[in-house]
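Count residues from 1 along the sequence. No experiment lies behind these values; they were computed from the predicted model shown.
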Amino acid sequence: MNILEGKLNLKGNEKVAIINGRFNHIITDRLVEGAKDAFIRHGGDESNLDLILVPGAFEIPFALTKAVESKKYDAICCVGAVIRGATPHFDYISAESTKGIATVGMKSGIPVSNGVLTTDTIEQAIERAGSKAGNKGAEAMVTIIEMLDLYKEMGK
């Protein structure tokens, strides 16, 4: 049996974007740092890494659509943080952000990852932005690094 699996190394010429929803920036700044660190540690050239800032998670799918349409990027890593509050706003924003990223990602023809946190508390978000539960921004970047290599392996 032939097994196709992506490796976690970049050649250095891949052009990658991070799209960051700035809302809850205390959390999202750490997610961006984790994604950038993972990109560089796996062989990425920092000059080939763009950071696209949008107001919040709801705006990520729009920026993702524009970034895909630009054809400038080999892969796009989305990060943000939606933290539950006292109103149903959390449910709408987290659902639409997730659905939008998935929809654009499926149509894009390039690797797209979803590193948008959806947590019940600020403490859970902090844990996922670099403390107890690792850094989900780094994990989202590692995902697209592996998928970039897999796309090549599959003859993209």
Lys7/Glu146 under salt bridge (charged side-chain N to carboxylate O under 4.0 Å, His left out): CA gap, chis, key distance, verdict: CA-CA 5 Å; Lys7 309 285 185 293; Glu146 182 174 344; over 6 Å; no
Can you tell me how far the CD1 atom of Ile145 sits from the CZ atom of Phe39, to the nearest 0.5 Å? 7.0 Å
I'd like to check Asn9 versus His42 (side-chain heavy atoms, cut-off strictly below 4.5 Å). Are they in contact? no
So, the side chain of Asn135 versus the backbone of Ala138: is there a donor-acceptor pair under 3.5 Å, distance only? yes
Contact summary for Pro61 and Glu96, nearest pair of heavy atoms: CG-O, 4.2 Å
Tell me the closest heavy-atom pair linking Val112 and Cys78, and the distance in Å. CG1-SG, 4.4 Å
Asn48 side chain to Gly12 backbone, donor-acceptor under 3.5 Å: yes
Contact list for residues 109-118, test side chain to side chain donor-acceptor pair (under 3.5 Å), sequence neighbours left out: none
For Val142 and Ala38, work out which heavy atoms get closest and say how close. CG2-CB, 4.1 Å
Is Met147 reachable from Leu4 through a run of I, L, V, M, F, W or Y residues, each pair having side-chain heavy atoms under 4.5 Å apart? yes
What do the steps show when you test Lys15 against Asp50 for salt bridge (charged side-chain N to carboxylate O under 4.0 Å, His left out), and what is the final call? CA-CA 8 Å; Lys15 183 76 173 165; Asp50 288 349; 3.2 Å; yes
Any non-hydrogen side-chain atom of Ile27 less than 4.5 Å from a side-chain atom of Leu117? yes
With rounding to the nearest 0.5 Å, note down the distance linking CE in Met141 to CG in Leu49. 5.5 Å
Check the hydrophobic clustering (I, L, V, M, F, W, Y; side-chain heavy atoms under 4.5 Å; chains of links allowed) and say if Ile110 and Ile19 are grouped together. yes
Does Ile122 belong to the same Ile/Leu/Val/Met/Phe/Trp/Tyr cluster as Phe23, with side-chain heavy atoms less than 4.5 Å apart forming each link? no
Looking only at heavy atoms, what is the nearest atom pair of Gly21 and Ile60, with distance? N-CD1, 3.8 Å
Is it true that Glu33 and Lys36 make a salt bridge, defined as a side-chain N closer than 4.0 Å to a carboxylate O? no
Among Val79, Ile101, Leu31, side chain to side chain contact (heavy atoms under 4.5 Å, CB included) partner for Val116: Ile101
Is the closest side-chain heavy-atom distance between Val16 and Tyr73 below 4.5 Å? no
Please say yes or no: joined through hydrophobic side-chain contacts below 4.5 Å, possibly via intermediate residues, are Ile126 and Ile83 part of one cluster? yes
Is the number of heavy atoms from other residues, nucleotides or ligands under 6.0 Å of Ile26 CD1 greater than 12? no
Would you indicate whether Glu69, at its atom CD, is surrounded by more than 12 heavy atoms from other residues, nucleotides or ligands within a distance under 6.0 Å? yes
For Val54 and Phe62, run side chain to side chain contact (heavy atoms under 4.5 Å, CB included): C-alpha distance rounded to whole Å, both residues' side-chain angles, the deciding distance at 0.1 Å, then the answer. CA-CA 9 Å; Val54 298; Phe62 175 79; over 6 Å; no
Decide yes or no on salt bridge (charged side-chain N to carboxylate O under 4.0 Å, His left out) for Lys152 and Glu14, but give the supporting numbers first. CA-CA 12 Å; Lys152 292 174 193 166; Glu14 298 88 351; 3.3 Å; yes
Pairing residues for Ile93 by the side-chain contact (heavy atoms from CB on, under 4.5 Å) criterion, not counting sequence neighbours: Ala57, Phe58, Val82, His89
Has Phe90 got more than 12 heavy atoms of other residues, nucleotides or ligands less than 6.0 Å from its CZ? yes
Applying salt bridge (charged side-chain N to carboxylate O under 4.0 Å, His left out), which residue pairs with at least one partner in residues 108-126 are found, sequence neighbours left out? Arg84-Asp120
Testing the basics here: between Ala140 and Gly115, what is the closest heavy-atom pair and its distance to 0.1 Å? CB-CA, 3.8 Å
When you check the side-chain N and O atoms of Asp74 and Tyr151, is any donor under 3.5 Å from an acceptor? no
Side chains of Val68 and Leu64: does their closest heavy-atom pair fall under 4.5 Å? yes
Where Ile52 and Ala17 come nearest, the two heavy atoms and their spacing: CD1-CB, 4.1 Å
Measuring only between side-chain heavy atoms, which start at C-beta, is Ile18 closer than 4.5 Å to Ile76? no
